[in-house]
Amino acid sequence: MASPVLAAGMSRLGTETAFDVLAKAKALEDQGRDIINLGIGQPDFKTPDNIVEAAIKALRDGHHGYTPANGIAPLREAVAADIAKYRGVEVDPDCVVVVPGGKVTMFFAILMFGEAGAEIIYPNPGFPIYESMIEFSGAKAVPMPLHEKTGFSFSADEVLSQVTPATRLIILNSPANPTGGVVPRVEIDRLVEGLEAHPQVVVMSDEIYSRMLYDGRKHVSLLEYESIRDRVILLDGWSKTYAMTGWRMGYGVWPKALADKATRLAINCNSCVNAAAQYAGIEALTGPQDEPDKMVAAFDERRKVIMTDLNQLPGFSCIEPAGAFYAFPNVTGTGISAGELQNRMLEEAGVATVAGTSFGAFGEGYIRFSYANSTENIQEAIRRIRRLL
Ligand code: PLP
């Protein structure tokens, strides 16, 4: 039989290596090895009970059918109220499109703007799906370098110097995966000011870690900027804030002119999000917030532990992560490449992490540690790595 002929984009599609690391760690565990997983980016807490109960009730109440493709109205209203509460911005619930996970908003945004001849600027090191999907779309992926010396922020001047008439979309992510970096307000102010000269450029702001900020920092949302409000796509969701990664619940807030197009993509792709999960999503946003707040307090404690301990490892230096639940130490002092160190830490020390190069070429020399794990496990992992080094 002749081989199947795939669309050219398939050869350009990348992946998220964290899932490969998870599979490898699982295989080692199945062989009886004791593995500490600091590789996967998901909270180690259970979804709060009130949210689980809301989903069970929704199923018992008969919410088992299709819903409107953009999500049920009370959920979109709850999202709008949440944005007013945490970001101080009024949005129209009709601009909210609920999708199966945070990832789907980036998938739709990149499909909407990416094609041969277009350019999309994305953070590097950054969430690997940005680069993968841009390449898949045929657009030119233009890396926005993030700098360790500025807490892994971008430089607005550097980003603006990369904008060309072909630039259609700029992707931002703060607080960030994999660096834990948070972009200071002044840098965002400067970027927005500069973008006023480029009215064709849309910004997709991935704010999925917006509730995970430390030392009293306040989240800066791109939606706060009136001058570009009609070309900002906000990406957020339930996965990280409410420990709901497996529920597949996310949303985009789209400019009015684009919301129907995003909904049309949803109709072509997923029809709607699981109906019972949508009811759980309402409870998450409108119910008590003490469980998510407790999770962030626990992450903060572990953040301090991991930062101190990583800085004591020979060849490692780690700046303070300001948000999310990742530490991104510089490991160039070990003289070992990020990829080799990742493999050796997993195979020889039983500690799963992700090499910085999984997040783009500018991640060489770094390793991502997720501290969504217990303090005891974090401390034991560092002891094992110290022995290895
Ligand atoms: N955006 C960033 C920056 C992430 O780190 C992740 C998940 O790790 C996502 C989006 C995707 O989230 P979800 O699991 O809700 O699709």
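Both ligands and their constituent atoms are indexed starting at 1 by order of listing. The first residue of the sequence shown is numbered 1, and numbering continues consecutively from there.
For the pair Q342 (side chain) and T357 (backbone), a donor-acceptor distance under 3.5 Å is absent. Side chain of T286 to backbone of I282: a donor-acceptor contact under 3.5 angstrom is found. Checked by atom type and distance alone, the side chain of E364 pairs as donor or acceptor with a backbone atom of A338 at under 3.5 Å. R386 contributes no side-chain N or O that, together with a main-chain N or O of L313, makes up a donor-acceptor pair within less than 3.5 Å.
Here is the list of ligand 1 atoms found below 4.0 Å of a heavy atom in N173: 3 (C). Near M106, with a cut-off below 4.0 Å to any heavy atom, the atoms of ligand 1 are 1 (N), 10 (C). The atoms of ligand 1 that sit less than 4.0 Å from any heavy atom of G101 are 15 (O), 16 (O). Short contacts between ligand 1 and N177, defined as distances under 4.0 Å to a heavy atom of the residue, involve ligand atoms 3 (C), 4 (C), 5 (O), 8 (O). Here is the list of ligand 1 atoms found below 4.0 Å of a heavy atom in K103: 11 (C), 13 (P), 16 (O).
Between L235 and ligand 1, a contact under 3.5 Å exists for no N or O pair.
Checked against side-chain contact (heavy atoms from CB on, under 4.5 Å), R302 has the following partners two or more places apart in sequence or in another chain: D44, F45, A298, F299, Y371, T375, I378.
Within the 4.0 Å heavy-atom cutoff, Y209 counts among the residues contacting ligand 1. Ligand 1 has at least one atom lying under 4.0 Å from a heavy atom of D206.
In the displayed structure, E348 atom CD is contacted under 6.0 Å by more than 12 heavy atoms of other residues, nucleotides or ligands.
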Stepwise, does the side-chain contact (heavy atoms from CB on, under 4.5 Å) test hold for M112 with W254? CA-CA 12 Å; M112 216 179 269; W254 296 77; 3.5 Å; yes

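Scanning all protein heavy atoms for the shortest distance to atom 13 (P) of ligand 1 gives G102 N, 3.4 Å. In this structure, the protein non-hydrogen atom closest to atom 12 (O) of ligand 1 is I208 CD1, 3.6 Å.
A cation-pi arrangement is absent between R303 and F325 under the rule of less than 6.0 angstrom and at most 45 degrees off the ring axis.
When each of E119, E115, Q200 is tested with R168 by the rule side-chain hydrogen bond (donor to acceptor under 3.5 Å, both in side chains), just one qualifies, namely E115.
Under 4.0 angstrom from ligand 1, there are no non-hydrogen atoms of Q42. Contacts of Y130 with ligand 1, taken as heavy-atom pairs under 4.0 Å, involve the side chain alone.
Of the listed residues (M249, K240, R248), the one carrying the non-hydrogen atom nearest atom 8 (O) of ligand 1 is K240.
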